[in-house]
**Student:** 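Please see the structure below; I have some questions.
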2 protein chains.
Amino acid sequence: MATGRTHRPATRSRGIPEATVARLPLYLRALTALSERSVPTVSSEELAAAAGVNSAKLRKDFSYLGSYGTRGVGYDVEYLVYQISRELGLTQDWPVVIVGIGNLGAALAGYGGFASRGFRVAALIDADPAMTGKPVAGIPVQHSDDLEKIISEDGVSIGVIATPAGVAQQVCDRLVAAGVTSILNFAPTVLSVPDGVDVRKVDLSIELQILAFHEQRKAGEETSAEEGHDAVAEPEPVVVPPAPRGTTGTTGRKGPDGDVPAVMPA
Amino acid sequence: MATGRTHRPATRSRGIPEATVARLPLYLRALTALSERSVPTVSSEELAAAAGVNSAKLRKDFSYLGSYGTRGVGYDVEYLVYQISRELGLTQDWPVVIVGIGNLGAALAGYGGFASRGFRVAALIDADPAMTGKPVAGIPVQHSDDLEKIISEDGVSIGVIATPAGVAQQVCDRLVAAGVTSILNFAPTVLSVPDGVDVRKVDLSIELQILAFHEQRKAGEETSAEEGHDAVAEPEPVVVPPAPRGTTGTTGRKGPDGDVPAVMPA
DNA sequence: GGTTGTGAACCGTTTCACAGCC
DNA sequence: GGCTGTGAAACGGTTCACAACC
């Protein structure tokens, strides 16, 4: 397959582990809040609490960036804000295009989080001619015919896809062909991109399904409500699975536990 | 701290690893597409490609659910759809409330992903009295004064927070007090919840910052554009950090490499 | 006394590679 | 011959615990 790359082993980014990179924005946010309150220094313990991680992890994370703390004292807030910003590449600003200005795209366009740190909405792009020229969050929507021109003229390297799933791959291909090398995908599809292009996805229904899984487990326990225990009870929702087709209902399948009960799913 | 729990070691959910759970929705989506095209069976290789993972991982994931495949043949699509749905708890439907009906909340309310599988928007809730009664995506917005009543009457256990960051923790506390045990948080804040409550977060600016990090690294390489190489070049954006305060500029800090260049950040 | 920075142990996840089964 | 299911090895990340330092 031509475009069919899955995911690179994370560019081996000069040492900083991917998990650490993913937490740096969290630290940065907590530090920025401290900075606004003019707090001069902070201990790993305090900062970790503010960022919702444990302090050992935080210290190890920071150790990958260098030795920025002072033993017995803590970390200098301003200094760390700067170092993390620099590490994340937020000392330069990144023009971003948003493709697909429906409800979600419009919400993203209006989201304060962009301007806040290093990001700038360079253009809003939509395929619907009726949208063209209409200002959304103060920025006029441009037609997708001009996508390539916009990307190359503004030197855009980050694209946000907020289109319906059906066209997301095409949009992605065009973005990549035009020079975009980082994509944030809100469409519920797996995108194929060539090597060297990063894709991150944000997917509402996946998140909900993960929550539902755990929720179901909680309901299944239904024992000792107070303080966590073991008591591994089986949830076992009573419904019958569709008979395995293809091979017309022959060899008995082994379910996870025992065999199948009776009642139809919706 | 009363509410200050960080994150539990993932409920130890009767064996299925968390990483696997997070991929089940992906498999389910790919399988549903196959099912709609009436494909009867699929190999781990094909399905893995459709879901954007590698086949060994997929097989191992499925092995946690049970032995649902047939050697030499592959997996029965319908059967797997059913088994995964069941495992994820999607054979029942989950009423969900969305709190904070701004641009984003409205976009989420209108998102098809809800209805698609097991989820139902039970209520839209906003603190602005001007919104009350206004239909959004066909559902009338209710005032947040009634939050507790709505939750308990509808037996809602999943809440989506799409409010501004400033009120997210309060909203969260009220949701939890009213009986919600799973929260999907779109507000850019760390939420504290008691033990037994799951929180997942979706954060645009974190995602963008992670992309920016990698983007910066790519720009720093700027060597051998074709096919991946090593060539670990230093990016080194030229800017001066704020002098470490607190201790008035004494002991030299060791940056990650050498010492600091000259030019001010914005 | 307080707090960082970090080796070493630990744990969860991914990948490998092949036996087992159709 | 083809494909699944799974031990075992490899990997990456987290946690522990303490020496180094202020």
Side-chain angles (χ1 to χ4, degrees), chain A residues 6-13 15-24 27 40-49 51-77 79-80 83 244 246-248 250-254 256, chain B residues 6-13 15-24 26-27 40-49 51-77 79-80 83 244 246-248 250-256:
Chain A
T6 314
H7 73 294
R8 298 161 306 125
T11 322
R12 204 78 288 278
S13 21
I16 303 182
E18 193 54 34
T20 295
V21 171
R23 281 187 297 267
L24 292 181
Y27 302 143
T41 59
V42 67
S43 70
S44 64
E45 201 69 56
E46 295 165 322
L47 185 54
V53 303
N54 77 49
S55 62
K57 199 187 291 191
L58 178 142
R59 287 201 302 279
K60 178 131 287 195
D61 283 343
F62 285 178
S63 80
Y64 293 118
L65 309 183
S67 287
Y68 292 153
T70 309
R71 287 165 210 244
V73 178
Y75 298 93
D76 181 279
V77 172
Y79 189 70
L80 249 192
Q83 288 298 348
T247 33
T248 356
T250 44
T251 44
R253 304 273 180 154
K254 34 185 156 40
Chain B
T6 313
H7 74 293
R8 297 161 305 124
T11 322
R12 202 80 289 278
S13 20
I16 304 181
E18 193 54 34
T20 295
V21 172
R23 281 187 295 267
L24 291 181
L26 232 51
Y27 301 143
T41 60
V42 66
S43 70
S44 64
E45 201 68 57
E46 294 164 324
L47 184 53
V53 303
N54 76 49
S55 62
K57 199 186 295 191
L58 178 143
R59 287 200 303 279
K60 178 130 286 202
D61 283 342
F62 285 178
S63 79
Y64 293 117
L65 308 184
S67 288
Y68 292 152
T70 308
R71 290 165 208 244
V73 178
Y75 298 93
D76 181 280
V77 172
Y79 188 69
L80 249 193
Q83 289 298 349
T247 33
T248 357
T250 43
T251 44
R253 304 273 179 153
K254 33 185 154 47

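Note: hydrogens, waters and symmetry copies are ignored here, and every other heavy atom, side chains too, is used. Order of the sequence lines fixes the chain letters, A, B, ..., with proteins taken first and strands second; residue numbering starts at 1 for each chain.
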**Student:** With sequence neighbours excluded, what pairs up with B:R59 under the salt bridge (Lys or Arg N to Asp or Glu O under 4.0 Å) test?
**Tutor:** none

**Student:** As an exercise, state the distance from CG of B:L47 to CG of B:L26, rounded to the nearest 0.5 Å.
**Tutor:**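 Going from the CG atom of B:L47 to the CG atom of B:L26 covers 9.5 Å.
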
**Student:** Nearest whole Å is fine: how far is D:dT4 P from B:E45 CD?
**Tutor:** 8 Å

**Student:** Please report, rounded to the nearest Å, how far the P atom of C:dG12 is from the CZ atom of B:R23.
**Tutor:**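 Going from B:R23 (CZ) to C:dG12 (P), I get 15 Å.
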
**Student:** Would you check if A:T70 and A:D76 make a side-chain contact, meaning some heavy-atom pair closer than 4.5 Å?
**Tutor:**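 In short, these two side chains do not touch, never coming nearer than 4.5 Å.
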
**Student:** Tell me: OH of B:Y64 to P of D:dT4, nearest whole Å?
**Tutor:** 17 Å

**Student:** Using every non-hydrogen atom in the two residues, find where A:S63 and A:K60 come nearest and quote the distance to one decimal.
**Tutor:** OG-O, 2.6 Å

**Student:** Would you say a side-chain N or O of A:S44 is under 4.0 Å from OP1 or OP2 of C:dT4?
**Tutor:** yes

**Student:** Starting from C1' on D:dT14, measure out to CD on A:E18 and report it in whole angstrom.
**Tutor:** 16 Å

**Student:** Can you tell me the distance, in whole Å, between the CG atom of B:D76 and the P atom of C:dC22?
**Tutor:**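 The distance from CG of B:D76 to P of C:dC22 comes to 16 Å, rounded to the nearest Å.
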
**Student:** Taking the side chain as every heavy atom from C-beta outward, state whether B:L80 and B:Y27 have any pair of such atoms under 4.5 Å apart.
**Tutor:**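 No - every pair of side-chain heavy atoms lies 4.5 Å or more apart.
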
**Student:** Looking only at heavy atoms, what is the nearest atom pair of A:L58 and A:S44, with distance?
**Tutor:**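 Looks like CD2-CB, 3.7 Å.
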
**Student:** Without decimals, in angstroms, what is the distance between B:D61 CG and D:dT6 P?
**Tutor:** 13 Å

**Student:** Taking the side chain of B:K57 as its heavy atoms from C-beta onward, which of D:dG5, D:dT14, C:dT14 lies nearest to it?
**Tutor:** C:dT14

**Student:** So what is the end-to-end bend of the helix from C:dG1-D:dC22 to C:dC22-D:dG1, with 5 pairs used at each end and the value given to 10 degrees?
**Tutor:** 0°

**Student:** With respect to the side chain of B:P17, which nucleotide from D:dC22, C:dT3, C:dT13 is positioned closest?
**Tutor:**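 The listed nucleotide nearest to B:P17's side chain is C:dT13.
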
**Student:** Is the shortest side-chain heavy-atom distance between B:L65 and B:L24 below 4.5 Å?
**Tutor:** yes

**Student:** Can you check the A:L65 CG to C:dT4 C1' distance for me, whole Å?
**Tutor:**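 Answer to the nearest Å: 14 Å.
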
**Student:** Between B:Y68 and B:F62, does the ring pair (Phe, Tyr, Trp, His ring centres under 6.0 Å) criterion hold? Intermediate values first, please.
**Tutor:** CA-CA 7 Å; B:Y68 292 152; B:F62 285 178; 8.1 Å; no

**Student:** Would you say a side-chain N or O of B:Y75 is under 4.0 Å from OP1 or OP2 of D:dG5?
**Tutor:** yes

**Student:** Kindly point out which of C:dT3, D:dT4, C:dG5 is positioned nearest to the side chain of A:S67?
**Tutor:**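 Of all the options, the side chain of A:S67 is nearest to C:dG5.
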
**Student:** Can you build the contact string for nucleotides 16-21 of chain C? Use B for base contact, S for sugar-phosphate-only contact, and - for no protein heavy atom under 4.0 Å.
**Tutor:** -B-BBB

**Student:** For A:F62, answer base if it contacts any base atom (sugar-phosphate contacts may also be present), sugar-phosphate if it contacts only those atoms, and nothing otherwise; contact means non-hydrogen atoms under 4.0 Å.
**Tutor:**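 Here A:F62 touches no strand at all.
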
